[in-house]
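Reading through the structure tokens given below for one structure.
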Amino acid sequence: MAEHATHDTHDEHHDDHQQSFFMRWFCSTNHKDIGTLYLLFSLVMFFIGGFMALVIRAELFVPGLQLVHPEFFNQMTTMHALVMIFGAVMPAFVGLANWMIPMMVGAPDMALPRMNNWSFWILPFAFTMLLLPLIQYAFFGVGAGGPAGGWTLYPPLSLQGGNNVAFTIFAIHMMGVSSIMGAINVIATILNMRAPGMDLLKMPVFCWTWLITAFLLIAVMPVLAGAVTMLLTDKFFLTSFFNAAGGGDPVMFQHIFWFFGHPEVYIMILPAFGIVSEIIPTFARKPLFGYQAMVYATASIAFLSFIVWAHHMFTVGMPLGGELFFMYATMLIAVPTGVKVFNWVSTMWKSSMTFETPMLFAVGFVILFTIGGFSGLMLAIVPADFQYHDTYFVVAHFHYVLVTGAIYSIMAATYYWLPKWTGVMYNEALGKWHFWLSTIFVNVLFFPQHFLGLAGMPRRIPDYNVAFADFNLISSIGAFGFGLAQLIFAWIVIQCAFLGRGAKATDHVWEGSKGLEWTLSSPPPHHSFSTPPVINDKDLAHGDVTH
Amino acid sequence: MTSPTKPADQSASPAEDPRRSAALRTAIIMGLVALGIYGAFFLRAILNS
């Protein structure tokens, strides 16, 4: 500890201190370096998961079996989801939290820097574990491949996978430990490390949404861990938690899984709400409309996320009273979500907007996420869900929520904060190309899937009736277009972060930006606020809300 | 909705910041909550099966 203290004191006076590559990136306790590691890891996983999506869409380009065996197709759908959820979206948000929360609340670093290092470095091992059976099979022809029972891991199907079950379950435990430690760090940083004067209701909305997300993570990741531990013992230790032949109940797994799974959906979207709530006021040059309502709406959504899980399993068979409860509770979520959309639109109303790339992605988010929200409302209606369940309508719904919702917000955040992180402005023209190509192709990709689902095309199948051929063709063209557009994003990040190409960014970066993070240099010093900053309400994005 | 206590010595290094002991306490409590939820779900399932 004494050594560490000396080191930190040293850092305060030498922000440009030299560390070896190994010490800086493998042993780092600095929130910015760990945030960078999270974001780069997430970008790599985004492309791996995206490649799997392209295998899926290539196979579905035309009817019939074309490129891969059905067993391998099932592995692709399963791994695409696991990689995107646990490898791309969640680590990206943790990376953004690492970079921004200490700077936003005026702290020198995350509260528990060593644990922060551990949180990150568990992830590469977890994903090596997860991907290993698939890599062995795909590249070396060894074993039976990766998990193929869907990311939901429903037994008994998921238990038929051979030894990859053990790999997958161990990987999920490691991801869970990583997420819980990350969440603990966020909570401890926000509750204990805020600068004097940074009251909770003066915090940026991004910090609020992450604080609530962190509580969700701590509440539900252990539930997933419990569920998969029981799967493990059912598979290898002859227990019968979910084995009907032994007196167990497979439906119990679905209940436990979705008690985790639904809040997980909000874990992937609440930080997105926070990001958009930071970006829109900056480019609208107006304070956020209804700051406190935004905070309370976030908390309401988090609470409601715990009482809607069974809407994922209406068709499993449950009492009418249960169906009604979960239907109405699900519809209730539209109220606080509607408050948020109303407030974003009201912030933009009669404002002096400009449409730089972060704002384009934020506005795209508001419109396209709302489409995903509306199809969610349709799915909440029990009798309608009996038709939509397990069709491409569901696939379209959650991709609108997760791609044009969560991933669009991550893109928006990257463009918004990249000049602050790297000290150079990204190429605005390329950014706009990235936005427009992404937005055109993402709709070509996912919108026809609504029609496919309504017509009855089931999800997770490698072949389909010729009646579905046209929309599948269009969808696959959209997928390849969207995938190629992401190469522009990768190039922009490489230009700024690795090549340092671009105009020098000012400290303030954006004309309308407000908040502590913009008072630091671009790029910021090694330790953000070694001395707690003096808080002036006029400098804060939400400084006047308590008056 | 009050802000945290001002550190006694504002020029102290991050590792010496007195807020860290409070942060550690928060972290331990949250860790125990997570372990408790894991145990409770597991116990409930065992008792149920």
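The sequence lines fix the lettering, A, B, ..., with proteins before strands; numbering per chain opens at 1. Keep in mind that this is a model prediction, so the values were computed, not measured.
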Structural part of L24(B) lying under 4.5 Å from a heavy atom of chain A
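Backbone plus side chain of L24(B), per the 4.5 Å heavy-atom cut-off to chain A.
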
Part of F215(A) within contact of chain B (heavy atom distance under 4.5 Å)
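Side chain of F215(A) only, per the 4.5 Å heavy-atom cut-off to chain B.
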
Interchain contact, M203(A) with chain B, by part (heavy-atom threshold 4.5 Å)
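No part of it gets close to chain B.
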
Give, for atom CG of L112(A) and atom CZ of R20(B), the distance between the pair rounded to the nearest 0.5 Å.
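If we round to the nearest 0.5 Å, L112(A):CG and R20(B):CZ are 7.5 Å apart.
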
Rounded to the nearest 0.5 Å, what's the gap from OG1 on T26(B) to CD1 on I190(A)? Could you check?
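Here the rounded value is 11.5 Å.
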
Give the minimum heavy-atom separation between I184(A) and M30(B), together with the two atoms involved.
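I184(A) and M30(B) have their closest heavy atoms at CG1-CB, 3.8 Å.
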
Looking only at non-hydrogen atoms, find the nearest pair between A22(B) and N192(A) and report the distance.
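Taking every non-hydrogen atom into account, CB-ND2, 3.5 Å.
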
Neighbours of chain B found in residues 224-234 of chain A - heavy atoms under 4.5 Å:
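Listed by number, the contacting residues are A225(A), G226(A), T229(A), M230(A).
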
Kindly write out the residues that satisfy salt bridge (Lys or Arg N to Asp or Glu O under 4.0 Å) with R25(B), not counting sequence neighbours, or none if the list is empty.
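Once residues adjacent in sequence are excluded, R25(B) has no partner under the salt bridge (Lys or Arg N to Asp or Glu O under 4.0 Å) criterion.
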
Examine distances only and state if a side-chain atom of R19(B) and a backbone atom of A111(A) form a donor-acceptor pair shorter than 3.5 Å.
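Such a contact is absent between R19(B) side chain and A111(A) backbone.
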
Results of side-chain contact (heavy atoms from CB on, under 4.5 Å) for I307(A) - residues two or more places apart only:
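With sequence neighbours excluded, I307(A) shows a side-chain contact (heavy atoms from CB on, under 4.5 Å) to F303(A), L304(A), F325(A), A329(A), given in chain and number order.
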
Counterpart residues, side-chain contact (heavy atoms from CB on, under 4.5 Å), relative to A34(B) (two or more places apart)
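Checked A34(B) against side-chain contact (heavy atoms from CB on, under 4.5 Å); matches are I180(A), I218(A), P222(A).
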
Can you tell me if OH on Y154(A) sees more than 12 non-hydrogen neighbours from other groups inside 6.0 Å?
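Enclosed: over 12 neighbouring heavy atoms sit under 6.0 Å from OH of Y154(A).
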
